[in-house]
Amino acid sequence: MKRTHTNNELRLTNTKETVVLKGWVAKKRDLGGLLFIDLRDRTGITQLAFNPSSTLYEKALTLKNEYVIEVTGTVIERQSKNDKLPTGDIEVTVTKLTILNTSKQPPIYIKDDADTLEDTRLKYRYLDLRRPTLQQNFQVRHQTAQAVREFLNNESFLEIETPILTKSTPEGARDYVVPSRVNKGAFYALPQSPQIFKQLLMVGGFEKYYQIAKCFRDEDLRSDRQPEFTQIDIETSFLNQAEIMDITERMMKHVMKKVKNLEFKDDFPIITYKEAMNKYGTDKPDTRFDMQLVSLTDIAAKTDFKVFTSNIDNGGIVKAINVKNGANLYSRKGIDKLTKFAKKFDAKGLAFLRYQNNAFNGGITKFFTDEQLTELESKFDLTDNDLLLVVSDTEKVVHQTLGQLRAHIAKEQNLTSDEDYDFLWVVDWPMFEQREDKKYYSLHHPFTMVKDEDLELLDKDPEKALAYAYDLVVQGYELGGGSIRIHNKEVQNKVFDVLGVSKADQREKFGFLLDALNYGTPPHGGIALGFDRLIMVLVHTTNIKDVVAFPKTASGQCLLTKAPGPLSDEQLSDLGIKISK
RNA sequence: GGUCCAGUAGUGUAGCGGUUAACAUGUCGGUCUGUCACACCGAAGAUCGCGAGUUCAAAUCUCGUCUGGACCGCCA
């Protein structure tokens with residue numbers, strides 16, 4: 001029989017209608033003389049009622065959780081209503097019951113507040129996916145993809161697929177690799193992103209490209225990181241940074257309207273990379289709360305506190321955050337915990353001062369003169385029981401430590417709301433960073449265009465050169481990043497020189513791209529947004545597994561399929577591969 | 001590669017040297033005509049992740065190992 005309604009559809013207005021419903025038995029409530037079944041499908045729940053006078057009563061008694069059934073029945077108004085369910089005013093008196101399939105006792109509960117351990121849930125992922133929250137997450141994921149496509153299609157973008165079997169590139173993340181049977185000893189790599197292909201599509205004249213693209217990176221996992229993930233990948237020709245940011249911003253506003261019914265009237269704020277690092281200690285600041293980093297280097301230099309003065313003499317800095325009401329929130333023991341947290345980021349310690357009754361006390365107060373304390377007071381918007389947390393070290397360590405502390409404390413103290421979407425652009429990224437080995441590394445990627453006015457710096461002082469690069473940040477997540485690309489061969493060569501990529505390597509790894517630059521490559525640029533992360537933010541989860549249908553564990557295993565697994569000797573020999581051990 | 005946490009009936013937890021291994025929920029049986037976390041009564045269900053060691057005695061302590069998780073490194 002054809003299903004007439006889903007399980008979230010029937011209302012009082014349907015009373016007396018004959019309906020056909022299908023779904024899973026979510027719950028059986030046997031009152032002796034009366035039997036209720038909650039029938040679940042992906043939309044919701046409808047209550048079925050069986051009366052002992054019914055010939056179906058005995059059969060209904062045999063139903064168990066997760067049986068799949070089809071029922072025909074009449075919609076009636078309930079004697080006792082349930083205002084927690086959209087269908088709570090009605091129930092269906094069943095006149096025909098067909099058991100479509102039975103179920104063993106499931107190893108996990110199919111309900112939202114189930115606290116089953118993650119490994120059990122992953123092993124039986126197909127059961128876990130039946131949970132309403134996960135069902136809703138994938139609904140949102142679908143709607144978001146639709147909204148993205150709808151917007152970009154309207155803006156004349158073409159959706160074009162790029163290869164999954166492609167070539168390994170030297171920089172960036174470790175590649176996942178696929179052996180070639182036809183070409184023994186040679187390997188494809190799975191793309192870390194469609195970066196080079198989308199640039200070549202611009203050379204190919206498509207002008208506006210997008211793809212909801214799978215990307216692969218063989219790096220260690222985190223709660224917000226899977227080895228394969230999805231990007232909204234966009235590339236355009238002839239548009240400048242502001243124009244690409246505008247399209248992206250309008251796309252995000254479209255998504256927020258379509259998926260969350262939220263209007264964003266104002267432009268997303270724009271701050272520079274430098275400002276982000278100085279004020280928030282991170283390139284992806286959560287701006288839902290303040291607690292900005294404040295420099296105390298000048299005051300600290302005047303104190304007799306050796307830790308500060310010797311750090312400053314060695315080029316270090318001193319900065320602090322003001323934890324509002326922190327003196328009440330963090331006891332001595334609590335501060336010790338924060339110190340332990342700070343040490344994860346290479347800080348040697350965490351200094352503090354309390355502000356109570358209009359004066360500082362505790363911690364490092366004794367190292368400051370009254371005059372210096374007054375100066376300190378003027379730097380912060382202090383109220384009673386504030387707590388200053390101070391870190392002194394290299395700029396890098398200070399920023400990372402205080403940036404992480406800031407986020408950590410906000411989380412501990414619930415300073416943020418999941419429904420507060422603080423979209424933010426971070427611009428003016430440096431082209432390169434110099435690491436311990438004194439070599440230069442791309443902050444973005446090696447195809448990023450240097451700002452016109454900084455072109456000369458590539459030769460003189462590469463570290464000072466800024467890029468046409470922009471990141472979109474929300475709630476402390478890097479939602480995506482993009483840049484204007486180099487379309488000029490001389491500049492590209494210069495960048496490779498700074499990066500120390502030899503001519504031979506340039507030829508070997510990027511020859512096709514460099515060749516393409518010879519044939520009328522248009523000015524182009526684009527952006528890539530982390531699709532999974534966007535969904536995480538939209539459905540308020542911090543666990544990426546909640547938005548990926550079949551995710552991998554922290555060690556890259558799929559507990560459902562047991563991937564990755566060994567190959568047979570025959571397969572290995574076909575590929576010309578020997579396993580050494 | 002490193003640090004930390006966890007692994008005990010189907011599921012989630014308690015127990016932290018000697019217990020009949022406890023509790024909740026689920027399962028099974030019974031009573032019950034308005035439940036929706038139905039209620040009540042009863043029952044079954046556990047080589048305490050695995051392997052060694054210490055001890056008269058190990059779920060409990062030690063070491064190793066496996067699995068899962070969080071984080072650091074890593075992720076242009």
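These values consider heavy atoms only, across backbone and side chains, with no hydrogens, waters or symmetry-generated copies. Residue numbering restarts at 1 for every chain, and letters A, B, ... go by the order of the sequence lines.
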If I pick the [atom1] atom on [M] and the same atom on [N], what distance separates them, to the nearest angstrom?
N: B:A59; M: B:A21; atom1: P; result: 11 Å
N: B:U13; M: B:A6; atom1: C1'; result: 12 Å
N: B:U8; M: B:U67; atom1: C1'; result: 16 Å
N: B:C71; M: B:C38; atom1: P; result: 35 Å
N: B:U60; M: B:G7; atom1: C1'; result: 14 Å
N: B:U20; M: B:U31; atom1: P; result: 35 Å
N: B:G2; M: B:U62; atom1: C1'; result: 23 Å
N: B:C32; M: B:A24; atom1: P; result: 25 Å

Side chains of [X] and [Y]: is there a donor and an acceptor less than 3.5 Å apart?
X: A:Glu17; Y: A:Asn14; value: yes
X: A:Asn8; Y: A:Thr6; value: no
X: A:Thr43; Y: A:Asp41; value: yes
X: A:Tyr209; Y: A:Asp233; value: yes
X: A:His524; Y: A:Lys198; value: no
X: A:Gln231; Y: A:Asp532; value: no

Quick one: which of [options] gets closest to the side chain of [X]?
X: A:Pro107; options: B:C28, B:C72, B:G10; result: B:G10
X: A:Gln105; options: B:A76, B:G10, B:U35; result: B:G10
X: A:Asn65; options: B:C71, B:G68, B:G26; result: B:G26
X: A:Arg78; options: B:G34, B:G69, B:C74; result: B:G34
X: A:Asp38; options: B:A76, B:C36, B:U27; result: B:C36

Nearest-Å distance for atom pair [atom1]/[atom2], residues [X] and [N]:
X: A:Glu433; N: B:C75; atom1: CD; atom2: C1'; answer: 13 Å
X: A:Asp30; N: B:C38; atom1: CG; atom2: P; answer: 12 Å
X: A:Asp437; N: B:A76; atom1: CG; atom2: P; answer: 16 Å
X: A:Ile108; N: B:G68; atom1: CD1; atom2: C1'; answer: 15 Å
X: A:Lys64; N: B:C28; atom1: NZ; atom2: C1'; answer: 9 Å
X: A:Leu48; N: B:U35; atom1: CG; atom2: C1'; answer: 13 Å
X: A:Lys123; N: B:G49; atom1: NZ; atom2: P; answer: 16 Å
X: A:Arg225; N: B:C75; atom1: CZ; atom2: C1'; answer: 4 Å

Return the residues of residues 79-88 of chain A meeting this criterion: a heavy atom under 4.0 Å from some atom of RNA chain B. Order them by number, or give none.
-> A:Gln79, A:Ser80, A:Lys81, A:Asn82, A:Lys84
Has [X] got a side-chain N or O lying under 4.0 Å from the OP1 or OP2 atom of [N]?
X: A:Arg222; N: B:C72; result: yes
X: A:Gln557; N: B:G69; result: no
X: A:Arg29; N: B:U35; result: no
X: A:Thr120; N: B:G68; result: no
X: A:Lys340; N: B:C4; result: no
X: A:Ser223; N: B:C71; result: yes
X: A:Lys343; N: B:C72; result: no
X: A:Lys27; N: B:C38; result: yes

Sugar-phosphate, base or nothing in reach of [X], heavy atoms under 4.0 Å:
X: A:Gln400; value: sugar-phosphate
X: A:Leu117; value: sugar-phosphate
X: A:Leu31; value: base
X: A:Ile45; value: nothing
X: A:Leu443; value: sugar-phosphate

Take A:Phe36 and A:Phe50 through the ring-ring contact (aromatic ring centres under 6.0 Å, His included) test and state the conclusion after the steps.
-> CA-CA 6 Å; A:Phe36 297 111; A:Phe50 293 87; 9.5 Å; no
Once you apply the 3.5 Å cut-off to both distances, tell me the Watson-Crick or G-U wobble partner of [N], or none.
N: B:C61; result: B:G53
N: B:A37; result: none
N: B:G7; result: B:C66
N: B:C28; result: B:G42
N: B:G17; result: none

Please say whether more than 12 non-hydrogen atoms of neighbouring residues, nucleotides or ligands are located less than 6.0 Å from OH in A:Tyr477.
-> yes
Got more than 12 heavy atoms from elsewhere within 6.0 Å of NZ, A:Lys81?
-> yes
A:Phe289 ring centre to A:Arg406 NZ or CZ under 6.0 Å, with the angle to the axis within 45°?
-> yes
Within 45° cone and under 6.0 Å: A:Arg125 NZ/CZ vs A:Phe550 ring = no
So, under a plain 3.5 Å distance rule, would you say the side chain of [X] forms a donor-acceptor pair with the base of [N]?
X: A:Asp220; N: B:G73; value: yes
X: A:Arg121; N: B:G68; value: no
X: A:Tyr109; N: B:G10; value: yes

Ring centres under 6.0 angstrom apart (A:Phe216, A:Phe229) | no
If you find the nucleotide of RNA chain B closest to A:Lys284 and the one closest to A:Asp119, which residue's nucleotide is nearer the 5' end?
-> A:Asp119
Taking the nucleotide of RNA chain B with the closest heavy atom to each, which residue, A:Arg435 or A:Ala554, is nearer the 5' end?
-> A:Ala554
